[in-house]
Amino acid sequence: MRLSRYFLPILKENPKEAEIVSHRLMLRAGMIRQQSAGIYSWLPLGLRVLRKIERIVEEEQARAGAIQVLMPTIQPADLWRESGRYDAYGKEMLRIADRHERDLLFGPTNEEMITDIFRAYVRSYKDLPLNLYHIQWKFRDEVRPRFGIMRGREFLMKDAYSFDVDKEAARHAYNRMFVSYLRTFTRMGLKAIPMKAETGPIGGDMSHEFIILASTGESEVYCDKALLDLETPAADTDFFSDLTPIVEAWTAPYAATDEMHDPAAFETLAESARVSARGIEVGHIFYFGTKYSDPMGAKVATGDGNEVPVHMGSYGIGVSRLVGALIEANHDEAGIIWPASVAPFHVGLVNLKPGDGPTDAASEDLYGKLTAAGVEVLYDDTDTRAGAKFATMDLIGLPYQVVAGPRGLKDGVVEVKNRASGEKELLSPDAVVNKLVPALTA
RNA sequence: CGGGGUAUAGCGCAGCCUGGUAGCGCAUCUGGUUUGGGACCAGAGGGUCGCAAGUUCGAAUCUUGCUGCCCCGACCA
């Protein structure tokens, strides 16, 4: 993409409403625009990151056997009356009436609707297990939206719903999502730690929040340092084998959020093993049994001919929140530092002197070769000053910057800068291609 | 929902106390000089001063009401 033909509205100054670093950087980097409290437009750069995150989530959901659907944002109130939640939900639910005065709502979540879909088609245990998910915009009318995209009223969420014939089968479904989440967050360059969460009326041990550590996190969390070094399950993990050993390895060490924290248990860890930090919740999985299938009549026939309400679980990932969380975890004074897997572009190619023959030729050549090799390049071909170009590149945080100018090209080299480490090296254009293509297209 | 702020050009702000018809920096446009870490000079465009009532000869400025947004707390993915 040529910057001269792109839409990247950078702000030099800090908007005063943005207090938290991710919010500030997203506004400054031209990723989002606030339209109302907790409601944002996604500008091109922000949208690209959102899509990168979605793609990773989709790939890992597929690997774990979940199947994608898409349910509407607007739901009929009657479904929620069946589950009893229409009255129970409170003011966070945005209620709407259509022209016929029928009660609708902007969905804050989708248990009722997915249960309705399930009961319409599935009758037999032979069709299980089943896990359906979608990635859709949700709305919760928060009293006080804040932290930019991290705590908006409208937010993009992946929510999956599992259906199984009994609790034991549901536990396998739960484990698949558990392992899938470990892989999903690791691929985004995040260290997400599963922490036991409150299970509400169901009870049991099947509810975890996935928390990433960031100094600006919203809540206090505590865990065993050992969790930070555990190995993420490999891509070729068989999700339909017994995943219990993996889940146990990840749930054995101490890990708890503020609400679930047990200081006495935490104190039994060696001083050096105690990690107490701030965290951001990016995922939440839980088993809720027949809470919805029962009142809504979602039943399947078992092998012995009985009909039983299906056992369900739900599994959320805050997709739009992750954009903010990623920035909270990856930034410095100059701006964002994207992990390559979610970066809006891989490389920022800076032409220091548009109009200069050799510089243009070298830049165009690099742009063509990198792009042809599958590297996503944002090519700054604009006629502005070097300092402004560098500042913009640092701000938007692409993993690599390639700087081509007359001075270096006299000696046949361009500069490659690693945004994360700050390391710079001078390489010939061909060497740049040889270095970056394998690093970014693996 | 309690408490506290704030609202003036795209962004950041001054002006308000002491009423006289709006200004600064950045950004934008034109011309020139510049050009390897957010250039300089000269000129230009851009604002129903959040909205509505009131006081006054006259309101960005004083009064009242409303609304938006932000922060702290309670709540939440």
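Just so it is clear, the structure is predicted and the values come from calculations on it, not from any experiment. Here is the naming used below: chain letters follow the sequence lines, and residue numbers restart at 1 for every chain.
Each of Asp356(A), Asp360(A), Thr359(A) was checked for a side-chain hydrogen bond (donor to acceptor under 3.5 Å, both in side chains) with Asn351(A), and the lone residue meeting it is Asp360(A).
At the heavy-atom level, Glu142(A) lies under 4.0 Å from base atoms of the strands shown. Lys158(A) comes within 4.0 angstrom of no nucleic acid atom, judged by non-hydrogen atoms across all strands. The residue Thr109(A) sits apart from the nucleic acid: no heavy atom pair falls under 4.0 Å. Heavy atoms of Leu11(A) sit nowhere under 4.0 angstrom from any nucleic acid atom. When heavy atoms are screened at a 4.0 angstrom cut-off, Arg33(A) is found touching no nucleic acid atom at all. At the heavy-atom level, Gly408(A) lies under 4.0 Å from base atoms of the strands shown. Within the nucleic acid shown, Ala391(A) comes within 4.0 Å of at least one base atom, counting heavy atoms only. In this structure, Val403(A) reaches the bases: a heavy-atom distance under 4.0 Å links it to at least one base atom across the strands shown. Within the nucleic acid shown, Gly318(A) has no heavy atom closer than 4.0 Å to any nucleic acid atom.
Here Gln34(A) does not reach the OP1 or OP2 of G68(B): none of its side-chain N or O atoms lies under 4.0 Å away. An OP1 or OP2 oxygen of G38(B) is reached within less than 4.0 angstrom by no side-chain nitrogen or oxygen of Arg385(A).
Base-pair partner of A7(B): U67(B) (Watson-Crick or G-U wobble, both distances under 3.5 Å). Pairing for U35(B) is absent, judged as Watson-Crick or G-U wobble with the two contacts each under 3.5 Å. As the counterpart of A42(B), U30(B) is assigned, both hydrogen-bonding distances of the Watson-Crick or G-U wobble pattern falling under 3.5 Å. Nucleotide G20(B) is matched to C57(B) when pairs are restricted to Watson-Crick or G-U wobble geometry with both distances under 3.5 angstrom.
For Lys435(A), the salt bridge (charged side-chain N to carboxylate O under 4.0 Å, His left out) criterion is met by Glu425(A), not counting sequence neighbours. In this view, Glu364(A) and Arg2(A) satisfy the salt bridge (charged side-chain N to carboxylate O under 4.0 Å, His left out) rule, not counting sequence neighbours.
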Nucleotide N/O of nucleotides 1-9 of chain B paired with protein N/O under 3.5 Å:
unit_1	atom_1	unit_2	atom_2	d
C1(B)	OP1	Lys91(A)	NZ	3.0

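Side-chain atoms of His284(A) and Ser207(A) form a donor-acceptor pair, as typed in the model, at a separation below 3.5 Å.
Heavy-atom distances to RNA chain B give each of Leu426(A) and Gly152(A) a nearest nucleotide, and the one nearer the 5′ end belongs to Leu426(A).
Taking both residues in full, the closest heavy atoms of Pro145(A) and Gly38(A) are given as CB-CA, 3.8 Å, listed atom of the first, atom of the second, then distance.
We find that the ring of Phe155(A) and the base of A77(B) stack, their centres lying under 5.5 angstrom apart and their planes tilted less than 30°.
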